[in-house]
Peer 1: 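Before anything else, here's the structure in question.
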Amino acid sequence: AQTVTQSQPEMSVQEAETVTLSCTYDTSENNYYLFWYKQPPSRQMILVIRQEAYKQQNATENRFSVNFQKAAKSFSLKISDSQLGDTAMYFCAFMNPTGSARQLTFGSGTQLTVLP
Amino acid sequence: EAQVTQNPRYLITVTGKKLTVTCSQNMNHEYMSWYRQDPGLGLRQIYYSMNVEVTDKGDVPEGYKVSRKEKRNFPLILESPSPNQTSLYFCASSSLGLAGSSIQYFGAGTRLSVL
């Protein structure tokens with residue numbers, strides 16, 4: 001079974017600064033997907049970024065980028081130029097696309113607060 | 001607009017009173033799933049469905065039922081709710097085609113309190 005660990009329950013960052021959220025995972029699979037989801041106070045789950053394990057290039061989406069280290073099983077999220085609207089709970093998630101359940105396995109989340 | 005719709009958004013009930021949380025998607029997705037979110041535990045899968053009339057258990061299925069009679073709908077049924085089912089529930093859907101099959105789209109969540 002896969003496990004996803006987010007070791008930082010809470011983090012804060014000053015507006016316009018850069019912050020990195022950590023995520024590690026454990027799997028014996030070679031082909032999989034990794035995700036970062038954002039959950040603002042509205043509780044909606046919003047996909048921030050996706051990484052396919054077979055791609056060596058790190059995914060980026062505007063101010064959001066990842067540092068994917070497959071051998072180390074690490075998948076951190078970097079938020080540049082932090083904005084007040086980035087305040088949210090961030091979840092790291094793993095999925096094995098060949099598994100019958102297509103289950104997303106989530107970490108416990110990191111609450112990020114952007115300070116004015 | 002492509003979306004996953006859950007109803008109700010908030011529900012307070014009492015122990016033992018049967019309830020159903022509805023989920024509907026308009027993206028013609030084959031795959032649908034229910035998760036519950038609890039503090040410190042992230043989201044955990046309750047049940048999933050790969051297509052009409054095909055359902056299976058996730059990690060935490062005890063006390064829940066589902067059905068998939070139509071492709072667009074995937075209701076979650078609590079036949080005898082208990083206080084330990086107080087949680088935030090999410091429905092999600094995904095295509096099983098090659099193009100976007102890794103991305104799951106989530107509903108807005110249902111906050112359930114069982115007294």
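Every chain is numbered from 1, with letters handed out A, B, ... down the list of sequences.
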Peer 1: Please classify the contact of B:Asp38 with chain A as side chain, backbone, both or neither, using a heavy-atom distance under 4.5 Å.
Peer 2: neither
Peer 1: Is there a donor-acceptor pair closer than 3.5 Å between any side-chain N or O of B:Asn73 and the backbone N or O of B:Glu70?
Peer 2: no
Peer 1: Going from CG on B:Leu11 to OG1 on B:Thr110, what distance comes out if it is rounded to the nearest 0.5 angstrom?
Peer 2: 8.0 Å
Peer 1: Is a side-chain donor or acceptor of B:Gln25 paired with a backbone partner of B:Asn28 at a separation under 3.5 angstrom?
Peer 2: yes
Peer 1: Can you tell me if A:Gln57 has over 12 outside heavy atoms packed within less than 6.0 Å of its CD?
Peer 2: no
Peer 1: What part of B:Arg111 gets closer than 4.5 Å to chain A, counting heavy atoms only: side chain, backbone, both or neither?
Peer 2: both
Peer 1: Which residues in residues 39-49 of chain A have any heavy atom lying under 4.5 Å from a heavy atom of chain B?
Peer 2: A:Gln39, A:Ser42, A:Arg43, A:Gln44, A:Met45, A:Leu47
Peer 1: Mind checking whether B:Arg36 and B:Leu88 have side chains closer than 4.5 Å, heavy atoms only?
Peer 2: no
Peer 1: If we check side chain to side chain contact (heavy atoms under 4.5 Å, CB included) with B:Leu43, which of these qualifies: B:Tyr89, B:Trp34, B:Tyr35?
Peer 2: B:Tyr35
Peer 1: Any side-chain heavy-atom pair from A:Asp26 and A:Phe94 closer than 4.5 angstrom?
Peer 2: no
